[in-house]
Novice: 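Handing you a structure now.
Everything numeric in this text was worked out from a predicted model, so none of it was measured.
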Amino acid sequence: MPKLRNAILAGTALCLVVGASSPLRAQLSDAINDTIFGGGSGRGQVANPPAVPDAGQPPADQQPPVSEQPPADQQPPAGDTTQTGDQPPASTADPQPQQNDTAGTTPQPVTPAAGDDQSAPANATPNYSSGGPTPMPGGSTVPVHLTTGDEPSLGQGIRLSQEEISAGNVGFRSMMEIGRHLFTQSFTAVEGYGEGPTGPREKKRHQMTASGIGPMAAFAQIPWMRVHGLDAQACLECHNVSGFETPVGGSTPGRTVRPDRVSGAGAVTSAAIINPLLELPAPKWVVEAFQERGVADPGNMYAVFLRNPPHVFGAGYTQKLAEEMSFDLLAQRRAAVDQATQNRGQWYEIRLNSKGTDFGRYQVRVNAGAPAPGELLAPCGQEQSLVERCDRIEGVSEDFVVRPFQWKGIASNMRNFVRDALNFHFGMVPEELIAAGANPDPDGDGIVDEVSIGEVTALTAFALGARPPSQIAPADSTEIAAVARGRAIFEGRAGGDPTTACVTCHQSSKTVLNPVVRIHDPRPDRESLRVVARESNRPEPALTVTENGVGLGQAAPRGLPLPVEQEFLEGGQTAAKERAVAPAAQANESAGRGFPKGAAFAFNLNMNTPFEEKVFLASEPRLASDVTGAVDVPLFSDLKRHKMGRCLADVIHQQTDRAGVFVPRDQYVTRALWGLADTGPWLHDGRALSLRDAILKHSDAACADNGSGFVSEANGAVTAFQALPAEDQDALLAFLHTLRLPRDEGFAGVDQNR
């Protein structure tokens, strides 16, 4: 559409104004697509399919109404071709200045007449009747909607209920557009941004600033905290770095920022400074963690956790990999428990492995007379009917759930992260965080229903639907050779000890078997109601999390299944390969498209079903899939937590999205390297300003011995890197620099040298 296309091209000027065998998986695609999405699509895998206009929009060859067209003398050049959807033209000529035949339009120096040296009147009124200011040549004529600080982002056409989505009334394209809006727009006070005087952070701030001095005194009269949230108004403020490039046709090698920044990483200025002690009351687990370290009064802590914002690209693939790996681990534990139950008094051991990642060993015994374990097992060591050895489990929490999100591996799914981030960064409280019968305005700002369940679903869908990172191929023969050599070193194929190669943790790829991404519905199911009713003694509670403070990683109560556990139970407690070919008989059909049981929304990662036929350029292109729908995902991670030693250890451990399940101070989930080159600064807190520095800081040699006793699993790998000849070190870095964030093809025609 010309109007939208021109709006995109005018953005720069306006910114100053405002990883199973094929036979086993052969049934996958049909079973998933036919049952869950109402039939497969004949559309093959494409790099960047054309956008399809939404219903109600004019077809591509139809001009907008006269009222939306520019005046005749401002029509696009004759060579301009109208595009479909949101895609701009392949190229755009520089706008030409309007020619003005009137003489004397260039300002000339003049000598003021006598008496003209008087000062201007206090209330001078400009005269626009003649000789007044005129539009600048080449200025944009695109209609601009200027927003104000009081205008809500959650306006008409954006506000969305989960009931509408579940009824099948909201298509994929609409969900993506609403999610993008929520990701990019600034939340304002009139819709609930921030906290009122009784909010947990505001109460603490008032307490700390009552004397007029102290560490929080500077924040007394401003709406920002910066430390412990209230540190941005939009997701885009922190997730907006997607790298640099040298525009084609430039007269110099000068670089510029890329225009497609949505879903990117964060610069060092965007680092989240997290101090849960700055809320009232402070979370019990935080206080206890400091007490365990011998700190009785940690009130003078400025920051407890420092986190650099990661990019969001390819998140749907990452979530699916983690869920399928969780299915495998949960099934392996259940197999051992079942054997032990049938042969009481006998120890049983099973190796924990999924998609090539080794998670150690699990041992279990069931004593005579012990009650039979239930369907949902408590975390290892907490299940009363079992005798377990948990110390040989490696790199995964004691509940056997693989958590791919946040630096420590805190969130088991994207919705949990999005839900908590809305509350933490903006003070926009999602409805799903509020228990039935509880205070509907927990942040005390006088505004209720700040973010609906449906709106969290849409924002989560947009994040999970982002296109995946890419790997560039250099054109220069010397660079091609260096990159090939670097990858061989990375993967341990260039000599040396393969056990110290980067690939031992940063595994090159893993395969998704079932390409359907589910966003769980937080509205309580019967199991949730039963468990929470038992815990709260209320007849009809709707609790989804406990400790409804504002710290990241708010936790589901013990006994309440996480979404991946609920899906595991509903799937017959089977491993990922078995469930990938099982028919989805439980699908909820609605309006020709059905969502799996317990899902608030779902879509196919391959985007080749009728449901995703209205493609969204921000989600394209997709990774290639085989005939079964399975996808090989080159994320360069084992999705396992590793001990990173004394230099990178946190001050205290961090709670996951389950109460009582923590990640030790020195452990972090292996960071996926896809997109690495465009996400500096690096490491969890942005301390590394180069990739070489990031590698070296994996070692305990990067800091003085602080007596913690923590030892990094990467010491050998760093030593091996340092022992490489300089040219091999450079080759490895050259390979890493090919792992880039993806370019939005919608910007392919944007001339950045204008």
Novice: Could you tell me whether the side chain of Asn308 reaches within less than 4.5 Å of the side chain of Pro681, counting heavy atoms only?
Specialist: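 Pro681 vs Asn308: side chains touch.
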
Novice: Who pairs with Tyr317 by ring-ring contact (aromatic ring centres under 6.0 Å, His included), at least two apart in sequence or on another chain?
Specialist: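 For Tyr317, no residue satisfies ring-ring contact (aromatic ring centres under 6.0 Å, His included) once neighbours in sequence are set aside.
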
Novice: Taking Cys505 as the fixed residue, which of His698, Lys640, His642 is the one that meets the side-chain contact (heavy atoms from CB on, under 4.5 Å) rule?
Specialist: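 Only one of His698, Lys640, His642 forms a side-chain contact (heavy atoms from CB on, under 4.5 Å) with Cys505, namely His642.
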
Novice: Please collect all salt bridge (charged side-chain N to carboxylate O under 4.0 Å, His left out) contacts where either partner lies in residues 681-690, sequence neighbours excluded, each pair once.
Specialist: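 Only Asp685-Arg687 qualify under salt bridge (charged side-chain N to carboxylate O under 4.0 Å, His left out).
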
Novice: List the residues meeting side-chain contact (heavy atoms from CB on, under 4.5 Å) with Val651, not counting sequence neighbours, and say none if there are none.
Specialist: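 For Val651, the residues satisfying side-chain contact (heavy atoms from CB on, under 4.5 Å) (neighbours in sequence not counted) are Phe290, Arg293, Met301.
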
Novice: So does Leu741 get a backbone contact from the side chain of Arg258, meaning a donor-acceptor N/O pair under 3.5 Å?
Specialist: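 Yes; at least one donor-acceptor contact below 3.5 Å.
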
Novice: Can you check whether Asp632's main-chain N or O pairs, donor with acceptor, with Ser509's side chain at less than 3.5 Å?
Specialist: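 Such a contact is absent between Ser509 side chain and Asp632 backbone.
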
Novice: Between Arg226 and Ile273, is the side-chain contact (heavy atoms from CB on, under 4.5 Å) condition met? List the steps.
Specialist: CA-CA 7 Å; Arg226 189 61 184 96; Ile273 305 169; 4.1 Å; yes

Novice: To the nearest 0.5 Å, what is the distance between OG1 (Thr357) and CG (Leu352)?
Specialist: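 That separation rounds to 12.0 Å.
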
Novice: Counting N and O atoms only, with roles assigned by atom type, does the side chain of Asp700 sit under 3.5 Å from a partner on the main chain of Ser712, one being a donor and the other an acceptor?
Specialist: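 Looks like yes, one N/O pair under 3.5 Å.
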
Novice: Could you measure the distance from the CZ atom of Arg646 to the OG atom of Ser699? Nearest 0.5 Å is fine.
Specialist: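 So the CZ of Arg646 and the OG of Ser699 are separated by 8.0 Å.
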
Novice: Leu732 and Cys502: which non-hydrogen atoms are nearest, and at how many Å?
Specialist: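 Heavy atoms only, the tightest pair is CD2-SG, 4.3 Å.
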
Novice: Taking C-beta and beyond as the side chain, do Ser637 and Arg671 meet within less than 4.5 Å on heavy atoms?
Specialist: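 In short, these two side chains do not touch, never coming nearer than 4.5 Å.
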
Novice: So, Asp328 side chain and Ala576 main chain: donor-acceptor pair closer than 3.5 Å or not?
Specialist: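 Yes; judged by distance alone, with no hydrogens or angles, the pair exists.
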
Novice: Without swapping roles, check the side chain of Ser326 against the backbone of Ala322 for a donor-acceptor pair under 3.5 Å.
Specialist: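 Such a contact is found between Ser326 side chain and Ala322 backbone.
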
Novice: Applying disulfide (SG to SG under 2.5 Å) as the test, list every pair that has at least one member in residues 715-746; sequence neighbours left out.
Specialist: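 Counting only pairs at least two positions apart or across chains, no disulfide (SG to SG under 2.5 Å) contact touches residues 715-746.
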
Novice: First locate atom CG of Leu676, then atom CG of Leu691, and finally report the distance between them rounded to the nearest 0.5 Å.
Specialist: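 Atom-to-atom, Leu676:CG and Leu691:CG are 5.0 Å apart.
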
Novice: Donor-acceptor pair, distance only, cut-off 3.5 Å: does the side chain of Asn240 make one with the backbone of Arg261?
Specialist: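 No, the answer is negative, given that no donor and acceptor are paired below the 3.5 Å cut-off.
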
Novice: Test your reading of the model: is there a side-chain donor-acceptor pair from Arg641 to the backbone of Val663, 3.5 Å cut-off?
Specialist: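 Side chain of Arg641 to backbone of Val663: no pair is present.
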
Novice: For Pro664, does its backbone N or O pair with a side-chain atom of Lys408 as donor and acceptor, under 3.5 Å?
Specialist: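 It does hold such a pair.
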
Novice: Under 4.0 Å between a side-chain nitrogen and a carboxylate oxygen: does that hold for Asp678 and Arg740?
Specialist: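 The answer is yes: the pair qualifies as a salt bridge.
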
Novice: What heavy-atom pair brings Ser263 and Phe183 nearest, and what distance separates the two atoms?
Specialist: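 Result for this residue pair: N-CE2, 3.6 Å.
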
Novice: Rounded to the nearest 0.5 Å, what separates atom CD in Gln722 from atom CD1 in Ile695?
Specialist: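 Answer rounded to 0.5 Å: 10.0 Å.
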
Novice: Would you say the side chain of Leu329 lies within less than 4.5 Å of the side chain of Met325, judging by non-hydrogen atoms?
Specialist: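 The answer is no; the side chains never approach within 4.5 Å.
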
Novice: Can you tell me how the ring of Trp407 sits relative to the ring of His684, calling it parallel under 30°, perpendicular over 60° and tilted otherwise?
Specialist: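 It falls in the perpendicular class, over 60°.
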
Novice: Any chance you could measure His506, atom NE2, to Glu491, atom CD, to the nearest 0.5 Å?
Specialist: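 With rounding to 0.5 Å, NE2 (His506) is 13.0 Å from CD (Glu491).
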
Novice: In chain order, what residues pass the side chain to side chain donor-acceptor pair (under 3.5 Å) check against Asp705, with sequence neighbours excluded?
Specialist: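 Once residues adjacent in sequence are excluded, Asp705 has no partner under the side chain to side chain donor-acceptor pair (under 3.5 Å) criterion.
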
Novice: Of all residues at least two apart in sequence or in a different chain, which pass the side chain to side chain donor-acceptor pair (under 3.5 Å) check with Glu323?
Specialist: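 Applying side chain to side chain donor-acceptor pair (under 3.5 Å) to Glu323 gives Gln319.
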
Novice: Any non-hydrogen side-chain atom of Cys238 less than 4.5 Å from a side-chain atom of His425?
Specialist: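 They are not in contact (no side-chain heavy atoms under 4.5 Å apart), so the answer is no.
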
Novice: Measuring from Leu689:CG to Leu683:CG, what's the distance to the nearest 0.5 Å?
Specialist: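 Leu689 atom CG to Leu683 atom CG measures 10.0 Å (nearest 0.5 Å).
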
Novice: Within a radius of less than 6.0 Å around CZ of Arg255, do more than 12 heavy atoms belonging to other residues, nucleotides or ligands occur?
Specialist: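 Atom CZ in Arg255 is not packed in, count stays at 12 or less.
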
Novice: Look at Asp358 together with Arg351 and state whether they make a salt bridge at an N to O cut-off of under 4.0 Å.
Specialist: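 So Asp358 pairs with Arg351 through a salt bridge.
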
Novice: Measure the shortest side-chain to side-chain distance between Leu736 and Leu673 over non-hydrogen atoms and say whether it is less than 4.5 angstrom.
Specialist: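 The answer is yes, as the side chains (C-beta and beyond) meet within the 4.5 Å cut-off.
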
Novice: Given side chains that start at C-beta, do those of Leu724 and Gln729 come closer than 4.5 Å, heavy atoms only?
Specialist: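 Leu724 vs Gln729: side chains touch.
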
Novice: Is Asp730 salt-bridged to Arg692, going by a charged N under 4.0 Å from an acidic O?
Specialist: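 Judged by the 4.0 Å cut-off on N to carboxylate O distance, Asp730 and Arg692 do form a salt bridge.
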
Novice: Between Arg307 and Asp650, is a salt bridge (charged side-chain N to carboxylate O under 4.0 Å, His left out) present by the stated rule, with each step listed?
Specialist: CA-CA 11 Å; Arg307 297 291 184 256; Asp650 277 327; 2.7 Å; yes

Novice: Between Glu245 and Arg743 (salt bridge meaning N to carboxylate O under 4.0 Å), is one present in this structure?
Specialist: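 Yes.
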
Novice: To check you understand the geometry: which heavy-atom pair defines the closest contact between Leu236 and Thr184, and what is its length?
Specialist: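 Nearest heavy atoms, Leu236 then Thr184: CB-CA, 4.0 Å.
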
Novice: Under 30°, 30 to 60°, or over 60°: which ring-plane class applies to Phe490 and Phe636, parallel, tilted or perpendicular?
Specialist: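 Judged by the thresholds at 30° and 60°, the geometry between Phe490 and Phe636 is perpendicular.
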
